[in-house]
Amino acid sequence: MNKKIAYGLAFLALLIIPFFAYPVFLMKLLCFGLFACAFNLLIGFTGLNSFGHAAFFGGAGYVAGWALRDAGLPTELGLLLGVAFAALIGWLMGLLAIRRQGIYFTMITLALAQMLYFVFLQAKFTGGEDGLQGVPRGKLLGLIDLSSDLYLYYLVLAICVAGFALIVRIIHSPFGTVLKAVKENEARAVSLGYDVDKYKLLAFVLSAALAGLAGATKTLVLGFETLTDVHWTMSGLVVLMTLVGGMGTLVGPVVGAILIIALENKLGDLGNALADLTQVDWFRGLGDSVTIVTGLIFIICVLLFRRGIVGELAALLRTSVRKS
């Protein structure tokens with residue numbers, strides 16, 4: 001019951017927050033939160049560490065952007081086409097990588113994702129290093145004009161909440177129970193008669209599709225797509241979000257995504273505010289040191305918060321409940 005109340009309050013806050021904050025920034029946070037949750041479905045609940053999720057996130061963004069701008073498809077179809085592309089690439093990549101384990105699985109996903117990066121770099125419709133620009137938002141169901149940031153925010157909120165709800169449903173289903181068993185002891189799952197490779201492949205495809213949904217939605221929000229989203233550094237960024245927030249927890253990746261993306265976008269403003277407050281000009285350079293700051297946060301979390309922020313908070317709460 002407590003969880004339901006907490007989710008309800010969080011949803012209520014999400015409904016009213018666009019009246020007090022910049023909607024486009026909030027939508028960006030929602031997209032990256034869904035991306036991190038999609039990745040967590042794979043690493044946190046299946047035990048597979050993919051280093052190629054940028055291929056699904058950015059690839060779906062490019063395909064959705066092309067569908068909306070060049071093909072002139074409706075908004076809904078453009079997003080669905082991006083998701084379908086991510087699921088297809090996830091299935092192909094999974095077929096090649098899923099039979100490997102550990103670092104070998106990770107390196108195969110990285111290599112395949114970088115191959116796709118060079119495809120998008122050379123393809124004409126992507127704009128190369130200039131990116132895919134001028135993606136229209138269109139109208140939802142041909143009626144609701146999504147050029148309004150507020151209307152688009154509620155669409156993005158609905159998409160991300162639906163994606164998160166699907167992940168929760170997967171985790172708490174019999175299928176999710178098998179995934180957890182595979183993560184804990186794959187050999188025992190095999191001995192019980194489960195086709196482990198089939199379960200891992202399905203989890204990989206679901207994770208890819210949800211990551212693609214996040215990437216396609218982000219392209220719709222910002223109106224452009226760039227090579228940054230398909231580069232291996234984006235795969236590293238989502239790993240960082242998940243580990244900082246709490247791998248294997250439901251809301252941990254969302255917290256990690258909010259923290260990392262907020263730092264990337266607001267660290268410069270924070271540095272200027274500190275410089276004005278302390279009269280120390282050194283703080284004005286914080287905006288150029290985002291990578292260093294996020295690296296320090298990662299090191300601190302690894303040393304002090306091994307289970308991530310949400311994981312450690314949950315552990316402390318369980319300990320206090322036992323003592324009481």
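Counting from 1, the numbers follow the sequence of the chain as shown. Just so it is clear, the values below take in all heavy atoms, side chains as well, and ignore hydrogens, waters and symmetry mates.
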> With Arg69, which residues qualify under salt bridge (Lys or Arg N to Asp or Glu O under 4.0 Å), at least two apart?
Replying inline: none

> Are the side chain of Ser207 and the backbone N or O of Phe204 linked by a donor-acceptor pair below 3.5 Å?
Replying inline: no

>> To the closest 0.5 Å, what do you measure between CG (Leu220) and SG (Cys31)?
In response: 8.5 Å

>> Per the salt bridge (Lys or Arg N to Asp or Glu O under 4.0 Å) rule, what does the pair list look like for residues 37-65, sequence neighbours excluded?
In response: none

> Residues in salt bridge (Lys or Arg N to Asp or Glu O under 4.0 Å) with Glu76, at least two apart?
Replying inline: none

Show me the donor-acceptor pairs within less than 3.5 Å that the side chains of residues 9-25 make with the rest of the protein, sequence neighbours left out.
none

>> I'd like to know if the side chain of Glu225 reaches the main chain of Gln133, judged simply by a donor and an acceptor atom lying under 3.5 Å from each other, with no hydrogens or angles considered.
In response: no

>> Given 3.5 Å as the limit, does a donor-acceptor pair link the side chain of Thr126 with the main chain of Gln122, or not?
In response: no

> Under the salt bridge (Lys or Arg N to Asp or Glu O under 4.0 Å) rule, what pairs show up with a residue in residues 92-116, not counting sequence neighbours?
Replying inline: Arg99-Asp197

> Just checking, any donor-acceptor pair under 3.5 angstrom between side chains of Glu186 and Gln101?
Replying inline: yes

> For the residue pair Val254 and Gly33, what are the closest heavy atoms and their distance?
Replying inline: CG2-O, 4.2 Å

> Would you call Asp145 and Arg137 a salt bridge, using N to O less than 4.0 angstrom?
Replying inline: no

Would you tabulate the side-chain donor-acceptor contacts of residues 234-247 under 3.5 Å, counting partners in other chains and residues two or more places apart, or write 'none'?
from	atom 1	to	atom 2	distance (Å)
Ser235	OG	Phe51	O	3.3
Ser235	OG	His53	N	3.3
Ser235	OG	Ala54	N	3.0
Thr242	OG1	Val238	O	2.9

> Rounded to the nearest 0.5 Å, how far does CZ of Phe85 lie from OH of Tyr62?
Replying inline: 11.5 Å

>> Under the side-chain contact (heavy atoms from CB on, under 4.5 Å) test against Tyr199, which residue among Thr46, Ile98, Leu179 passes?
In response: Leu179

>> On a heavy-atom basis, which atom in Ser50 and which in Phe39 lie closest, and how many Å separate them?
In response: O-CE1, 3.2 Å

>> I need the Leu227 CG to Phe118 CZ distance, nearest 0.5 Å.
In response: 10.0 Å

> For the ring pair Phe32 and Phe57, is the centre-to-centre distance below 6.0 Å?
Replying inline: yes

> Do the side chain of Lys183 and the main chain of Gly44 share a donor and acceptor less than 3.5 angstrom apart?
Replying inline: yes

